[in-house]
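Everything below concerns the one structure shown next.
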Amino acid sequence: MKNYLSTGSKTLSALMVSAGVLFAPAMLGLAPAAHAAATSAVAGLPDFTELVDKAGPAVVNIRTTERLKMQGGQGMPGDEEMQEFLRRFFGGAIPTPSPGGKAPRGRRQAPDEQVQRGIGSGFIISADGYVMTNAHVVDGADEVYVTLTDKREFKAKVLGADARTDVALLKIDGKSLPTLTMGDSNKIRVGEWVIAIGSPFNLENTVTAGIISAKARDTGDYLALIQSDVAVNPGNSGGPLINMRGEVIGINSQIATLSGGYNGISFAVPIDEAMRVADQIKKTGKVTRGRIGVQIGELSKEVAESLGLKSAQGAEVSLVEPGGPADKAGIRAGDIILKFNGTVINRSSDLPRLVGGSALGSQATVTLWRKGAQQDVQVTIAELEPDKTAKARAKGESAKPKAESANALGFKVSDLTPLQKRELDVEGGVVVDATEGVAARAGLRQGDVILQLNNIDIRDAKQFNAAVAKLDPKKASVVLVRRGDVTQFVSLRPTAK
């Protein structure tokens, strides 16, 4: 106990209570009134026992195996050491090897022998055997086994997995299985108590508790995760995050860590999104999402103010896919998308989630901000395809007229040639020959193309330099810059004359 004394009386008292040791108030130096208050605070802590009794049976352990192929049935030198490493890494701190773990010492593994690949958690969502877990838990596995709290083990079939949301749906042959109730992740509140049940380090049916720390933490493209301080470690992945009503509100999926273990922050996939993914997998075996064919970026406060927007809400369009839905609807690079089907885009990450959840072939109303005015366009939702790398179309030419000196924004520019305009598919603009001062510090460089200055289209170098000369050095200006196929706004403050 001496090691804890320096932490103060409150910590010492808490340690004594948690250890089940009872002390008289005087022994802890507490007056009767203070003791009563402390007792009341302890009595007010949540009791998870009934919740765990109810939810625990529906949480499962997931064990995956991999088939190792070896030539001629002979193991390679060091096989036993490698198997020991795999057992320790995936099995964790367990007293005996888990099934499918290290081969008995002195025996070479046979060709195609199954060895344990990893462990994780999951939970049963229907009595006829549908099980939900993380996609990364079953990724690359040759066989998947699901073990219930009553020690029954089933070989599971992976119906489908979605890497973007990290959700997978399994099926086991069972009847009248215990299930969990799905909650509403949109109704969660920061500060409410939650628990996690899973198999950290293969320690089955381990319960940890904490509170929700944040509701919508951006860590992925297609969903905002639930952040909590519930202890989650390797093996917890795929297990449920449960509220005090016994409802699943998320799937434990990630941790923020510098050490590889739990450091006080964990993340869960919202159950609403997970169920949408699971329903699609159950019906079609795959997940489809919508797209409109734009590349977007975050809108900064400086750019928003320069464009006449009251706040930095919206998604800045930096690239429009040629011939895509947005292109056909008239959306252009430099537009700011403010709303999608009436829903405000607070952050750029909101847009792909809204578009991805739209029905394929449906018409969506996109509200744009362009040149100081708001307008609506109709876009047809297409199916999201694998990521495409846009082909660069901007090409330099050897002979260009040069500007004699840099203007107040630090640019030396020249006119675009007719060939460049055709390749870039623009009617006007200027190409940057050199940068210095303000432009150079902003990261702009030779070969960039300037299309607009403060919402005014640029026709040629003469017009651009004349416009720059009239800028107020006390106010920031914004230029629309194209580099390759990517277009974005950059805020600059002109140098005083």
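Note: hydrogens, waters and symmetry copies are ignored here, and every other heavy atom, side chains too, is used.
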Could you measure the distance from the [atom1] atom of [X] to the [atom2] atom of [Y]? Nearest 0.5 Å is fine.
X	Y	atom1	atom2	answer
I212	I249	CD1	CD1	4.0 Å
Q452	R370	CD	CZ	9.5 Å
K301	S311	NZ	OG	10.5 Å
T206	I197	OG1	CD1	10.0 Å

Within the 3.5 Å criterion, strictly below it, is a donor on [X] or [Y] matched to an acceptor on the partner's side chain?
X	Y	result
S318	T487	no
S199	N61	yes
Q446	T435	no
N465	N407	yes
T64	E143	no
D376	T365	no
E247	T181	no
Q375	T367	no
S126	D128	yes
T149	N205	no

Practice task
Could you pull out all residues at least two apart from K175 that satisfy salt bridge (Lys or Arg N to Asp or Glu O under 4.0 Å)?
Solution key: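 Salt bridge (Lys or Arg N to Asp or Glu O under 4.0 Å) list for K175, sorted by chain: empty.
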Practice task
Mind checking salt bridge (Lys or Arg N to Asp or Glu O under 4.0 Å) for R347 and listing every partner two or more places apart, or none if nothing turns up?
Solution key: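 R347 satisfies salt bridge (Lys or Arg N to Asp or Glu O under 4.0 Å) with D218 once adjacent residues are dropped.
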Basic-acidic side-chain contact under 4.0 Å: [X], [Y]:
X	Y	answer
E321	R291	yes
K412	D433	no
E273	R276	yes
K286	D162	no

Is any side-chain heavy atom of [X] closer than 4.5 Å to a side-chain heavy atom of [Y]?
X	Y	result
T288	L384	no
K282	K171	no
V481	F489	no
I195	T208	no
R289	T165	yes
K157	L159	yes
I345	L338	no
I337	E316	no

Between [X] and [Y], which heavy-atom pair has the shortest distance, and what is it?
X	Y	answer
P494	L471	CG-CB, 3.9 Å
G297	S348	O-CB, 3.6 Å
V490	A442	CG1-CB, 4.1 Å
D229	S213	N-OG, 3.5 Å
P270	I226	CA-CD1, 4.0 Å
N252	N134	O-OD1, 2.8 Å

Practice task
Please test V320 against V317 for side-chain contact (heavy atoms from CB on, under 4.5 Å), starting from the C-alpha separation and ending with a verdict.
Solution key: CA-CA 7 Å; V320 178; V317 178; 3.7 Å; yes
Exercise for the section: Evaluate side-chain contact (heavy atoms from CB on, under 4.5 Å) for T147 paired with R152, printing each intermediate quantity in order. Expected result: CA-CA 6 Å; T147 304; R152 284 183 293 169; over 6 Å; no
Problem - ring pair (Phe, Tyr, Trp, His ring centres under 6.0 Å) contacts in which one or both residues fall within residues 159-197, not counting sequence neighbours - result: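 Output for this query lists F48-W193.
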Problem - Sidechain-backbone polar pair: D327 side chain, G323 backbone, donor-acceptor under 3.5 Å - result: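 It does hold such a pair.
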Exercise for the section: May I ask you to check whether over 12 heavy atoms, not counting those of D173, lie within 6.0 Å of atom CG? Expected result: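 Count not over threshold, so no.
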Problem - K328 atom NZ: more than 12 heavy-atom contacts under 6.0 Å - result: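 It does not: K328 NZ has 12 such atoms or fewer within range.
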Exercise for the section: Any chance you could lay out the side-chain hydrogen bond (donor to acceptor under 3.5 Å, both in side chains) test for Q254 and S266, step after step, and finish with the verdict? Expected result: CA-CA 6 Å; Q254 302 177 20; S266 57; over 6 Å; no
Practice task
Give the C-alpha distance, both sets of side-chain angles, the deciding distance and a yes or no for side-chain contact (heavy atoms from CB on, under 4.5 Å) between V269 and V167.
Solution key: CA-CA 8 Å; V269 179; V167 173; 4.1 Å; yes
Practice task
Test side-chain hydrogen bond (donor to acceptor under 3.5 Å, both in side chains) on N341 and T343 and set out the steps.
Solution key: CA-CA 6 Å; N341 278 338; T343 300; over 6 Å; no
